[in-house]
> 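Here it is, the structure in full.
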Amino acid sequence: MPVKIAILASGRGSNARTIINAVAQGKIDADIKCLICNVKDAPVLSIGEDAGLPSFMISHRSLSREEHESKILDILNRFDVDYLVLAGYMRLLTPAFLNVFKGDNHYRIVNIHPSILPAFPGATAYEDAYNYGVKISGVTVHFLDETMDGGPVLMQETFTRFDDDTLEDFKRRGVELEHQLYPRALQLIAENRLFFRYDKTTRRSYIEVKLHASC
Ligand code: GRF
């Protein structure tokens, strides 16, 4: 059975497009139920519409965080969604919202972040890593917890920053890696290959990946 996902996004939509294409090509065994965006005129909305997905714009403007999330939940409730996939969604989610997606030792919400977390959390990770002068950076796919860009890591991969890189070169290389990593990470979820463990000493959840797919 394909895993049922909804995409939540705010902007350019290159990760959403990559996921949509990967599903169409059979690289992710998923059924994308809908796409929700919080920014009017964001390119990701037409990416969803052009792909024939139910696509919704729910602006957060003039709404409290709770009001905005409740509107998003109204839409998600129309669909039967296993996992929420954040693809450049630029807002924090409240604990009450996370709880709607509570699973075993994790919330069923996945995010991609353009750094090796916990380094460089926040909305300007490429700029922050580049300006820091890192020689290596990377991309993280993780499940959410209550903290900003926190939560159990599913996949991380690195890319090199070359000495003559401009910020644009650095970002381009990172975004290419994002587009490779996210479909592979989502396919691990689709194949039911994740064990969510809880370490009582560190009080952190972490993920073990099974070698083989299971039903
Ligand atoms: C990506 O760099 C992603 O890692 C971050 O936001 C950006 C979204 O880009 N969370 P796009 O909208 O997917 O093109």
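Positions are given from 1, in the same order as the sequence printed here. Note that this is a predicted model, so its numbers are computed, not measured. Counting starts at 1 for both ligands and their atoms, following the listed order.
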> Is a donor from one side chain sitting under 3.5 angstrom from an acceptor on the other, for Glu66 and Thr94?
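Short answer, no.
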
> Going by the closest heavy atom to atom 11 (P) of ligand 1, which one wins out of Ser14, Gly88, Ala125, Ala42?
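Among Ser14, Gly88, Ala125, Ala42, the closest heavy atom to atom 11 (P) of ligand 1 comes from Ser14.
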
> Identify the protein heavy atom lying closest to atom 1 (C) of ligand 1, giving its residue, its atom name and the separation to 0.1 Å.
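Going by distance alone, atom 1 (C) of ligand 1 is nearest to Glu178 OE1, 3.1 Å.
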
> Is the distance between the ring centroids of Tyr198 and Tyr206 less than 6.0 Å?
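No: the rings miss the under 6.0 Å criterion.
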
> Would you say the ring centroid of Phe159 lies under 6.0 angstrom from that of Phe170?
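Judged by ring-centre distance (under 6.0 Å), Phe159 and Phe170 do meet the cut-off.
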
> Can you tell me which residue and heavy atom of the protein come closest to atom 10 (N) of ligand 1, and the distance to 0.1 Å?
Ile112 O, 3.1 Å

> For atom 9 (O) of ligand 1, find the nearest protein heavy atom and state the residue, atom name and distance (0.1 Å precision).
Arg12 NH2, 3.2 Å

> Does at least one non-hydrogen atom of Tyr126 fall below 4.0 angstrom from an atom of ligand 1?
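Contact present.
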
> Would Ala87 count as a polar contact of ligand 1, with the cut-off being nitrogen or oxygen pairs under 3.5 Å?
no

> Which residue owns the protein heavy atom closest to atom 12 (O) of ligand 1, what's the atom, and how far is it?
Gly13 N, 2.8 Å

> Could you tell me which non-hydrogen atom of Thr140 sits nearest to which non-hydrogen atom of Ser115, and how far apart they are?
OG1-O, 2.6 Å

> Parallel, tilted or perpendicular for Tyr89 and His68, by the 30°/60° rule?
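Aromatic pair Tyr89/His68 classed parallel.
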
> Heavy-atom contact under 4.0 Å between Ala9 and ligand 1?
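Judged by the 4.0 Å heavy-atom criterion, Ala9 does not count as contacting ligand 1.
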
> To check you understand the geometry: which heavy-atom pair defines the closest contact between Arg161 and Val134, and what is its length?
CD-O, 3.1 Å

